[in-house]
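On a predicted model such as this, the values are computed, not experimentally measured, just so you know. Here is the naming used below: chain letters follow the sequence lines, and residue numbers restart at 1 for every chain.
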Number of protein chains: 2
Amino acid sequence: MTAPRKPPKADPLYVASLEKGLNVLGAFSSGQQFMNLREIAEACGTDKSTAQRFTHTLSQLGYLEKCAKTKRFSLGKRVLELSFNYLRANALVEAASPVLIELQRATGERVNLSLFDDLSILYAIRQSSKREYYFSTLIGRRMPIWSSSGGRAMLAALPRAEVNDILKRSDLKPLTPRTIHDPAGIRKKIAQAQQKGYALTVEEGVMGEVVVAAAIIDADGRPAAAIHIAGSLGEWTAERFERKFGPLLAETAQRLSHHRFANR
Amino acid sequence: MTAPRKPPKADPLYVASLEKGLNVLGAFSSGQQFMNLREIAEACGTDKSTAQRFTHTLSQLGYLEKCAKTKRFSLGKRVLELSFNYLRANALVEAASPVLIELQRATGERVNLSLFDDLSILYAIRQSSKREYYFSTLIGRRMPIWSSSGGRAMLAALPRAEVNDILKRSDLKPLTPRTIHDPAGIRKKIAQAQQKGYALTVEEGVMGEVVVAAAIIDADGRPAAAIHIAGSLGEWTAERFERKFGPLLAETAQRLSHHRFANR
DNA sequence: GGGCCTCGTATTACAATGCGATACGCTTGA
DNA sequence: TCAAGCGTATCGCATTGTAATACGAGGCCC
């Protein structure tokens with residue numbers, strides 16, 4: 001959950017100092033708002049001197065903030081700027097944005113756009129008018145690709161060999177008692193998504209929640225993103241939810257597919 | 001607009017390599033989605049070799065993505081993760097989140113939460129149910145503190161000396177023909193905000209838009225954030241908009257103030 | 001209330017590491 | 001066909017980051 005990428009080997013072009021500095025920012029993936037030097041050093045697996053130099057540098061640059069009283073560090077506002085730059089330049093997200101807003105208005109439910117990123121999906125747009133669990137409103141959140149509705153919709157658009165590879169490298173730990181987490185069961189759900197054009201999960205991410213999702217395919221035929229609609233089992237049966245939103249979602253995703261947004 | 005922080009002097013604790021690496025990410029504040037090596041080198045003021053090493057490292061870590069065909073770089077999805085970690089841990093933003101959602105539902109207008117950051121405000125929550133200009137939906141966007149409604153509401157809570165210092169260091173370039181950008185005019189608007197408990201701007205950020213905003217004060221008595229309500233002059237007169245939402249907003253901001261969220 | 005532990009900060013000698021000039025091969029367009 | 005510009009790879013040098021150490025301040029427990 002901390003570092004989804006592998007730290008590479010000795011390589012003459014690799015700048016280890018940069019990695020260490022970014023690891024300091026990564027230390028805050030624990031969810032703690034404030035950390036002192038020792039905690040940061042521990043989380044990064046370095047000594048205190050190293051943590052001192054990197055926190056000092058990051059603070060000057062605005063990527064870390066230091067409380068004058070407690071001398072503890074937190075992430076700086078400048079990290080939000082990087083997100084802004086990512087999203088403003090992303091043509092796929094920009095094109096999807098008005099579509100998602102419209103979808104939210106039309107359905108009244110929470111709608112999301114998530115991006116494909118190897119073993120994870122990563123939320124990029126979240127539209128809701130209801131009061132939600134805080135994390136469900138935040139972009140940048142990562143979820144396992146194999147258990148999420150959008151993830152399975154995207155896996156359904158990948159060649160079988162790639163799906164196998166992804167499942168093999170994934171940690172299939174269930175998120176709720178109802179998470180389908182055996183490879184055969186997951187593959188069956190992926191096959192269903194392939195056939196229907198959308199995926200359905202019932203209480204697999206959060207209890208009480210039903211989600212349908214459909215994949216957006218890029219110009220190269222690969223899944224780039226997914227749109228999700230999430231509802232509450234207090235208001236819907238899974239069947240009604242699927243019937244009402246599944247086909248609509250598949251059609252919407254289709255409309256956003258096969259454009260030159262994503263790559264190039 | 002590119003680098004709000006000053007690059008510091010020679011200092012034994014300062015890790016220049018880290019700064020250079022982060023400058024590569026900062027190069028994308030131009031708004032371009034894709035950049036080649038030379039463009040990145042130019043934007044960072046370095047040579048091609050340096051750009052080569054840093055892009056290579058950042059790509060391995062997921063903070064940059066490289067198109068296999070064109071060999072050009074774009075920001076990586078991992079920068080969104082940093083935002084997530086910032087927001088999930090920020091108690092002020094978390095506390096404000098349901099309040100903003102409620103405010104959006106109650107008013108039907110676009111509501112924002114912005115954070116105080118020296119010469120800028122920086123959006124952290126944006127709630128809207130309408131179709132908006134894309135940038136108006138993105139968090140992490142920076143705006144000048146002196147021209148924005150939320151910024152002036154926050155300046156109204158600062159000592160006069162600090163306001164003078166901020167105005168002195170700011171670039172008072174108007175954003176629209178109606179932006180009040182002379183120091184005396186700005187100070188007058190700040191004084192009005194002080195008196196009313198909220199600030200009002202009419203077409204100062206975008207033509208056709210009216211905004212009211214009120215500051216959230218932290219436990220130390222300093223402005224930490226502001227909540228905004230933005231409307232269209234096509235639907236409202238400035239006077240009606242102010243009368244309808246100003247007092248509501250001031251009261252809402254008051255309710256979120258003086259807690260132990262922001263610092264510590 | 002005194003002593004001890006842990007924190008953040010500052011310094012320094014050392015060599016590993018990042019540096020940047022250079023060269024190569026490829027694609028593109030004139 | 002050639003030249004310009006690109007991404008990539010190599011390498012000797014010294015700059016820059018390293019990590020051990022020491023200091024002083026603050027907080028906690030006995």
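- Per the geometry, CD belonging to Q52(A) stands 12 Å off C1' belonging to dA20(D), to the nearest Å.
- Phosphate proximity of dA19(D) to T50(A): present, with a side-chain N or O under 4.0 Å from OP1 or OP2.
- In the set dC7(C), dG7(D), dG18(C), dG18(C) carries the atom at the smallest distance from any side-chain atom of V15(A).
- As rounded to whole Å, 13 Å separates atom C1' of dT10(D) from atom CZ of R53(B).
- Rounded to whole Å, the distance from CD on E42(A) to C1' on dC7(C) is 13 Å.
- Judged by distance alone with a 3.5 Å cut-off, a donor-acceptor contact links the side chain of K48(B) to the base of dG7(D).
- When heavy atoms are screened at a 4.0 angstrom cut-off, F73(B) is found touching no nucleic acid atom at all.
- Between D47(A) atom CG and dT9(C) atom C1' there is a gap of 15 Å when expressed in whole angstrom units.
- At dT9(C), one or more side-chain N or O atoms of K66(A) fall inside 4.0 Å of OP1 or OP2 (strictly under the cut-off).
- Checked against H228(A) for a side chain to side chain donor-acceptor pair (under 3.5 Å), the options S149(A), S114(A), S148(A) give a single hit: S114(A).
- S17(B) has a side-chain polar atom (N or O) that falls below the 4.0 Å cut-off from OP1 or OP2 of dG17(D).
- For K71(A), whose side chain is taken as the heavy atoms from C-beta onward, the closest listed nucleotide among dT9(C), dG17(D), dT12(C) is dT9(C).
- Along DNA chain C, the nucleotide nearest K20(B) and the nucleotide nearest S49(A) are compared for position; the residue whose nucleotide lies closer to the 5' end is S49(A).
- Atom CG of N23(B) and atom P of dC19(C) are 12 Å apart (whole Å).
- Rounded to an integer number of Å, the gap from K69(A) NZ to dC7(C) P is 21 Å.
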Inset, instruction - Decide side chain to side chain contact (heavy atoms under 4.5 Å, CB included) for F73(A) and M35(A); before the verdict, give the C-alpha distance in whole Å, the side-chain angles of both, and the deciding distance to 0.1 Å. - result: CA-CA 5 Å; F73(A) 297 92; M35(A) 294 179 92; 5.5 Å; no
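- When the nearest nucleotides of DNA chain D are assigned to L13(A) and L13(B) by heavy-atom distance, the more 5′-ward of the two goes with L13(A).
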Inset, instruction - Report the C-alpha separation of R38(A) and E42(A) in whole Å, then their side-chain angles, then the decisive distance to 0.1 Å, and conclude whether the salt bridge (charged side-chain N to carboxylate O under 4.0 Å, His left out) test is met. - result: CA-CA 6 Å; R38(A) 186 185 51 80; E42(A) 263 175 27; 3.0 Å; yes
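- The main-chain N or O of T50(B) is found under 3.5 Å from a side-chain atom of D47(B) such that the two form a donor-acceptor pair.
- Note: F28(B) and Y86(A) fail the aromatic proximity criterion, with ring centroids not under 6.0 Å apart.
- Taking atom CG of L18(B) as the reference point, atom P of dT15(D) lies 22 Å away to the nearest angstrom.
- Whole-Å rounding puts the R72(A) CZ to dG27(D) P distance at 13 Å.
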